[in-house]
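Side chains are part of it too, since the values below use all heavy atoms of this structure and drop only hydrogens, waters and symmetry mates. Source: prediction; values computed, not measured. Both counts, for ligands and for their atoms, begin at 1 and track the order of listing.
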Amino acid sequence: MGNTASNPIVPGFHPDPSVCRVGEDYYLACSSFEYFPGVPIFHSRDLVNWRQIGNVLDRPSQLRLSRASSSGGIYAPTLRHHDGRFRLITTNVSEGGNLLVTATDPAGPWSDPVMLPAVPGIDPDLAWDEEGTCWCTVAGVAQVRLDLETGKALGEPARVWSGTRGAKAPEAPHLYRIGAYWYLMIAEGGTERGHAVSIARGPTPSGPFEPNPANPILTHRGVEHPVQSTGHADLVQGPDDSWWLAFLGTRPGGGTPGWHVLGRETFLAPVEWTNGWPVVGEVVTDLSGIPWPLDEPVAEPVRDDFDGTALRPHWISLRDRPEELVTTRDRPGWLTLRARGASLDADDVVFVGRRQQHLSCFASALIDATEGEGGLAVRLDEHHHYGIEAVDGEVRVVARIGPLRTVVASRPVSAGTFELTVRIAEQRPRGPRGGPDTVSFGVAEPGGAATDLATLDGRYLSTEVAGGFTGRVIGMYATVGTVRFAWFDYVSGGSR
Ligand code: 6LW
């Protein structure tokens, strides 16, 4: 499912991008909130085609989420390469606060975390001056010099900028030494439709900073554009040393006010420098005009048949993934899920899913429910999800929207192993009241035709309805006993 030279460069819920260049290679990391493993990391050679190479926080000694609410857990990371090592700093807002991990290979393994209690805020950034001193800048915007080996502060924190007058939530700071200046770039306005990117510059890493008179350098607030909420950006130089901006945005669909269902995704836009200030070019969908040769898109296989002993890196679970509950070793070629007595309404349901990355897509899974109950779900959080599940000799479509939970449709199934399907179809707005898409569930028994059981309005699985920082995840789950899956298909477009 590689990108074909188009924005978003990393589709699906991949917010708060941080990107760094090492020679001819690029690496990008994103927030991951309550999902385990956390902080997906990607590789590219052309800034357009990205392949996930792992997850930075992939073991419990790095990532504890037992107390994380939905959209809690891991907030914005900063990924940098300094002194021959990759360094990633981020915040576990639910347990432990700011942490730093390092690696020689960005695909991992990453170190156990150095906890950073001295870092006074979220969205931590790392930058080094000519003497090798590390400056950590956080939302607010405050700054402290750090000893990264010990995690200790080398002085008192200080506020260095409060963003543009009248704009709320100065956050997502990144500090760069470019030419004669130190540049401090931030997001402000909040991560919704008022989101923006602003920048200031000064003579030293700690300022004093002079705001760009042309701020904000990027915003789509009040603008009719298919990409909204643009903000939380990181600057990087392309293979030809031109400048580019990776940032988050949303793609609302349907009628008024527009509902975005994929969460905040990562986009790319060009940057030119004028009078010592960056000017961000238009955010366009077609990136084929980018001024350097593009790699061939990495075609992700449609089917995962769980043949390996470990799950591929794009699979995510809720808060943890104990081997005794989630394994491909129990029955080779099958994913085995052992329930811990929770439904999709609980925050510890045994769940293995992948981000929905396309506005129209089709997913299906072959389930063996002879020893338990479970199914296939489209999840935003524990209060907003649709699923088709095998329960007690029948298949049910269940919808949870806020306080409401209902069985929408059901039919008996005779087989113990059968295919569950979900088809998500983007809807062109039919007037101001149309939803962004429809979500249709079906079932196919061995040798039988697939039958659609129910079609639901997708607006209720959108951030505008549910709130939060994530996006839809399509996955398999177990609620009772042991449930096994022989394969999982995901394909863009509304049909297989
Ligand atoms: C993140 C903040 C933001 O910490 O949303 O869009 C928060 N920006 O910078 C969670 O993603």
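Counting heavy atoms only, D123 comes closest to atom 4 (O) of ligand 1 of the residues I74, D123, V93, T90.
Closest to atom 11 (O) of ligand 1, if we only count protein heavy atoms, is D16 OD2, 2.5 Å. Closest to atom 8 (N) of ligand 1 among all protein heavy atoms lies H232 ND1, 3.2 Å. Counting protein heavy atoms only, atom 6 (O) of ligand 1 is closest to T191 OG1, 2.7 Å. Looking at atom 5 (O) of ligand 1, its nearest protein heavy atom turns out to be R264 NH1, 3.2 Å.
Within ligand 1, the atoms closer than 4.0 Å to a non-hydrogen atom of I122 are 4 (O), numbered from 1 in the order shown. Ligand-side atoms of ligand 1 in range of L248: 6 (O), range being under 4.0 angstrom from any heavy atom. Which parts of ligand 1 touch H195 is read off a 4.0 Å heavy-atom cut-off, strictly below it: atoms 6 (O).
Between F42 and H14, a ring centre-to-centre spacing shorter than 6.0 Å is recorded. Between W273 and Y183, the distance separating the two ring centers is shorter than 6.0 angstrom.
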Taking only distance into account, with no hydrogens and no angle test, what donor-acceptor pairs under 3.5 Å do side-chain atoms of residues 132-140 form with protein atoms, sequence neighbours excluded?
from: W135; atom 1: NE1; to: D129; atom 2: OD2; distance (Å): 3.0
from: T137; atom 1: OG1; to: Q143; atom 2: NE2; distance (Å): 3.2

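Of the possible donor and acceptor atoms, one in the side chain of N49 sits under 3.5 Å from a partner among the backbone N and O of D295.
Put simply, the side chain of T470 reaches to within 4.5 Å of the side chain of E34, judged on heavy atoms. W110 places none of its side-chain heavy atoms less than 4.5 Å from the side chain of V39.
Contacts of T91 with ligand 1, taken as heavy-atom pairs under 4.0 Å, are absent altogether. Here F33 has side-chain heavy atoms under 4.0 Å from ligand 1, and that is the only part of it that gets that close.
Legend: residues meeting ring pair (Phe, Tyr, Trp, His ring centres under 6.0 Å) with F469, ordered by chain and number and at least two apart, are F33, Y75.
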